[in-house]
Amino acid sequence: MYQLRLAARSASPIGRSRNRRPDIKDMKFYVRTYGCQMNVADSNEMGRHLKAKGLVETQDPEDASIYLVNTCTVRQHAEDRAFSEIGRLGRWKAKRPGRKVVVSGCAAERTKEYLEDRFPFIDLVVGAKSIENFNEIAGRLLDRRATDEDLDYAVPAVNEKVAAFVTSMRGCNYSCTYCIVPYVRGREIYHSIDQILAEVRDRVSEGAREITLLGQTVNSYRHGQHRFGDLLRAVAGIDGVERIRFISPHPYYMTDRVIETMATVPQVCESLHLPVQSGSNTMLKSMMRNYTREHYIALAGKMRQAVPDMTLSTDIIVGFPGETEEDFRQTLSLVEELQFDWGFVFKYSAREGTPAAELECLPQELIEERHQRCLELVDRIALKKRLDLVGTIQDVLIEELGVGRTRTNYKVHVRREAQARQGAASINGAQARAEREPARSASPIGRSLKRRAQPQEKAAASSNIIHGDQVRVRITNAQRATLEGEVYNGNLAFENFREEDCRAGTCPDRQ
Ligand code: 5AD
Ligand code: SF4
């Protein structure tokens, strides 16, 4: 099922270094992740297995003995970037005996043989379908099982992330004609609710307060009698889970039950990323998306009615084969009509083996031009939406020192010096839950259908803002790619937050 390839080619640098078998105690690993959140979650999972074997993660590749590149193949550009990084690893590996190069993920699944031929120094290729077997595969990579002595040394598999990903399903049963994912990740497999909840509990015990459920079509979840709405409710029932998000849903499975769950379960955040891909019915049909423009618009309306504060974001592909100027204008008009809060705009990229790759491509200049036009529109609306936030009060969950997110998924930065200087009004989880409702209704956009128990008035603890804190922030200013705010009931000024990198279509992990 998976491809295991321990380097044995004498021509490779590792051939010379095999005499010395490194001790696990000496080994650190470095992970580089390309692509979507699913890949980030896979990297975390592989990292946890390595840590459990006694390895320590490092942020410095020069310090590492294992270099793991988790690849993406959804567009050619993503694959090219990963391959050029892998190309540089021959020299990295030759610098120190015992170093190992591991390549995983979707591009690894799609191009195993090519990778092995082009980069003979790779020690192990783990395709995306085999990530769940990584533990066993990695054991073989390390040549021996960890001893008790190693395990004494092992750092616990702690991931101190406040916002954690939990994979609830893998693979995709759709056949969108442009998409390589079903080929490299296979058909849908759903984890049981028990397994998912156990993982959620693990993440919470490690410090997580926000859980993002992940799957290629995350809302198609089914296990026994359970559907996606049941899963959301079950996760919300776990003590310590304050926020729930999910990515990426498919419009077809945004059922009334899921919408009702979003509207009524307080932990589910008011933010939905719902890829539309195109505003033209002709293109949607040719892409085999299984919904029409009208269906999508009606769904967005229903969602916004049920969850009034919700931000709606999307993915758009421009320049799909056969897209006429009129089709493209349909996409622009859909963006105008739905006023997405933000969006990722992708240039169509032909992926070998997909049905669309058989079709004649549009000229690259035309794709570039449409990409630019669409991006400008999406950005203009995104800025207007940010300006609309000025004067509102937002709950911000601090994810790392100085950086947090609103429930609606806007990222904010907190000035560090200010934190150190002045204590901040910080509310812990339970308190934040109790106090959220008045904050939301006090704001111009804060009318939620969700109803909570009467809030208790509690004095905000005075301490520095640290990760895991929820702080209430009044937005005071918004610019093209920045939001500024101050702690509500406090004095802290928020530094501009920079989202240039995550503007529509340019976010590094979305390319
Ligand atoms: N070309 C361009 N964009 C693509 N996506 C998926 N496949 C392709 C492709 N071949 C985009 C879709 C999807 C997002 C993750 O990537 O918009 O929602
Ligand atoms: Fe690809 Fe379509 Fe499946 Fe999404 S739903 S992963 S775009 S095939």
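Just so you know, ligand 1 is whichever comes first in the structure, and atom 1 is the first atom listed for that ligand. Because the structure is a prediction, the values reported are computed rather than measured.
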For this session: List every atom of ligand 1 that sits less than 4.0 Å from any heavy atom of Val74, numbering the atoms from 1 in the order shown and giving each element.
Result: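 This gives 6 (C), 7 (N), 8 (C), 9 (C), 10 (N) as the contact atoms.
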
For this session: Please could you name the atoms of ligand 1 that Arg351 approaches to less than 4.0 Å, counting only its heavy atoms?
Result: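 Checking each atom against Arg351, I get 10 (N).
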
For this session: Kindly confirm or rule out an N or O of Tyr348 lying under 3.5 angstrom from an N or O of ligand 1.
Result: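 It does not: no N or O of Tyr348 is found under 3.5 Å from an N or O of ligand 1.
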
For this session: May I ask you to check whether Asp315 has an N/O atom sitting below 3.5 Å from an N/O atom of ligand 1?
Result: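 N/O-N/O distance below 3.5 Å exists for this pair.
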
Exercise. Among the heavy atoms of Arg289, does any lie under 4.0 Å from an atom of ligand 2?
Worked result: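 Yes; Arg289 lies near enough to ligand 2 that a heavy-atom distance drops under 4.0 Å.
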
Problem set entry | Side chain, backbone, both or neither: the part of Phe346 lying under 4.0 Å from ligand 1 by heavy atom |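 Phe346 to ligand 1: side-chain contact only, backbone stays beyond 4.0 Å.
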
For [atom], which of the options [options] provides the nearest non-hydrogen atom?
atom	options	result
atom 1 (N) of ligand 1	Ser349, Gly35, Ser248	Ser349
atom 8 (S) of ligand 2	Pro249, Ser220, Pro182	Pro182
atom 17 (O) of ligand 1	Lys347, Met287, Gln277	Gln277

For this session: State, without any angle test, whether Ser220 and Glu188 hold a side-chain donor-acceptor pair at a distance under 3.5 Å.
Result: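 Yes.
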
Exercise. When you check the side-chain N and O atoms of Thr406 and Thr408, is any donor under 3.5 Å from an acceptor?
Worked result: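 A donor-acceptor contact under 3.5 Å links the two side chains.
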
What is the minimum heavy-atom distance between [X] and [Y], and which atoms define it?
X	Y	answer
Val184	Cys106	CG1-O, 3.5 Å
Tyr348	Gly319	CB-O, 3.4 Å
Glu109	Ala128	OE1-N, 3.1 Å

Using a strict 4.0 Å cut-off to heavy atoms of [X], name the atoms of ligand 2 that fall inside it.
X	value
Cys176	2 (Fe), 5 (S), 7 (S), 8 (S)
Thr217	5 (S)
Tyr178	7 (S)
Val181	6 (S)

Problem set entry | Evaluation steps, ring pair (Phe, Tyr, Trp, His ring centres under 6.0 Å), between His273 and Phe344 | CA-CA 10 Å; His273 184 76; Phe344 299 100; 5.7 Å; yes

Near-ring test [Y]/[X], centroid separation under 6.0 angstrom:
X	Y	result
His226	Tyr221	no
Tyr30	Tyr67	yes
Tyr291	His250	yes

Problem set entry | Protein contact to atom 1 (Fe) of ligand 2 [nearest heavy atom, distance to 0.1 Å] |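 Of the protein heavy atoms, Cys179 SG, 2.3 Å lies nearest.
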
Problem set entry | Nearest neighbour in protein (non-hydrogen) for atom 6 (S) of ligand 2 |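 The protein heavy atom lying closest is Gln216 CG, 3.4 Å.
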
For this session: Could you tell me whether atom 3 (Fe) of ligand 2 has an N, O or S atom of Cys172 under 2.8 Å away?
Result: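 Yes - counting backbone and side chain alike, Cys172 has an N, O or S atom under 2.8 Å.
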
For this session: Scan Ile244, Thr261, Ile193 and name whichever one has a side-chain contact (heavy atoms from CB on, under 4.5 Å) with Leu231.
Result: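 By the side-chain contact (heavy atoms from CB on, under 4.5 Å) criterion, Leu231 pairs with just one of Ile244, Thr261, Ile193: Ile193.
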
Problem set entry | N/O donor-acceptor pair under 3.5 Å between Arg209 side chain and Glu399 backbone |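 Absent.
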
Problem set entry | Proximity to ligand 2 by part of Pro275, non-hydrogen separation under 4.0 Å |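 Within the 4.0 Å criterion, Pro275 makes no contact with ligand 2.
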
